[in-house]
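To start, the structure itself, in structure tokens.
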Amino acid sequence: MKTTNLFWACSLAVLGICTIILTGTNLLRIELPDFTVRVIGLIDLAALPVFGYATVKKLQNKKS
């Protein structure tokens, strides 16, 4: 259970940081290099399945 919570919290933090970086630079009209945007996007995509898996595990543990 503790490991699931750790994965969930870390992946949520990564998703939030990536979103803030991409949204913030877009709102401030700061142009990041294409490579940087793609790397942040890949990090975002890597954290998404971990977040989904941990969320499902948390919900299953809550039911039982």
Side-chain angles (χ1 to χ4, degrees):
M1 182 76 170
K2 287 183 181 182
T3 307
T4 304
N5 287 337
L6 181 65
F7 283 144
W8 185 81
C10 288
S11 61
L12 182 62
V14 168
L15 289 170
I17 291 169
C18 289
T19 302
I20 288 171
I21 290 172
L22 292 175
T23 305
T25 56
N26 193 18
L27 287 174
L28 296 174
R29 305 278 191 239
I30 299 171
E31 289 202 23
L32 293 175
D34 187 51
F35 178 76
T36 305
V37 173
R38 290 179 188 265
V39 168
I40 293 172
L42 286 174
I43 293 169
D44 217 1
L45 286 175
L48 198 56
V50 176
F51 181 72
Y53 174 78
T55 301
V56 170
K57 287 297 259 184
K58 282 178 64 124
L59 290 174
Q60 286 177 348
N61 289 339
K62 191 178 277 190
K63 286 182 182 180
S64 56

[atom1]-[atom2] distance between [X] and [Y], expressed to the nearest 0.5 angstrom:
X	Y	atom1	atom2	answer
I40	I17	CD1	CD1	11.0 Å
D44	S11	CG	OG	10.5 Å
I43	L48	CD1	CG	13.5 Å

* **K58 atom NZ: more than 12 heavy-atom contacts under 6.0 Å** => yes
* **Q60 atom CD: more than 12 heavy-atom contacts under 6.0 Å** => yes
* To do: Report the residue from T4, N5, T3 that forms a side-chain contact (heavy atoms from CB on, under 4.5 Å) with F7.
  =>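 So the option named by the test is T3.
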* Asked: Looking at L32, N26, I21, which one forms a side-chain contact (heavy atoms from CB on, under 4.5 Å) with V37?
  ->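 Running side-chain contact (heavy atoms from CB on, under 4.5 Å) over L32, N26, I21 with V37 returns exactly one hit, L32.
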* To do: Mark yes or no for whether T23, through its side chain, and I20, through its backbone, hold a donor-acceptor pair below 3.5 Å.
  => no
